Amino acid sequence: MKHIVKILALVVAITVLWIGLLQTSVIPDSYTWLLPIYFVVSLGCYGLLMVGVGLMNFPTCPQEALLLQKDIVEAKEYLKQKGVNLLLN
């Protein structure tokens, strides 16, 4: 519940700022109307950047890879015993 309140407070603050900029004419109207679009595009770029950073810092787990390979071999043997034909090209 608290997270929703924080998000709504942020949305309200940004909306109030945007409406204030529309009313005061500090920034030309042609730019002010595009601010929500710029905000969404910037948020998308930030999200892609965070995904990229997360992928670059993704830890490798050699022990887990060996366990996974072992499980795969066991599964193949189990399926062979049950009569399932595994054809891998």
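Treat the numbers as computed from the prediction; the structure is a model and nothing was measured.
Connection of Ile14 to Ile7 is not established within any shared hydrophobic cluster, with ILVMFWY side chains joined at heavy-atom distances below 4.5 Å, either directly or through further cluster members. Grouping the Ile, Leu, Val, Met, Phe, Trp and Tyr side chains by contacts below 4.5 angstrom, directly or via other members, places Val41 with Leu34. Each of Val16 and Val40 belongs to its own hydrophobic cluster when Ile, Leu, Val, Met, Phe, Trp and Tyr are linked at side-chain heavy-atom distances under 4.5 angstrom.
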Point to revise | Intermediate values then yes/no, side-chain contact (heavy atoms from CB on, under 4.5 Å), Leu66 and Lys70 | key: CA-CA 6 Å; Leu66 292 175; Lys70 182 180 169 188; over 6 Å; no
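Interatomic distance, NE2 of His3 versus CG of Leu8, reported as 10.5 Å (0.5 Å rounding). How far CG of Leu43 is from CG of Leu48: 10.0 Å, rounded to the nearest 0.5 Å. Here the CG-CD distance, from Asp71 to Gln69, works out to 9.5 Å after rounding to the nearest 0.5 Å. The CG atom of Leu67 lies 10.5 Å from the SG atom of Cys61; values are rounded to the nearest 0.5 Å.
Within a 6.0 Å radius of CD in Glu74, other residues, nucleotides and ligands contribute more than 12 heavy atoms.
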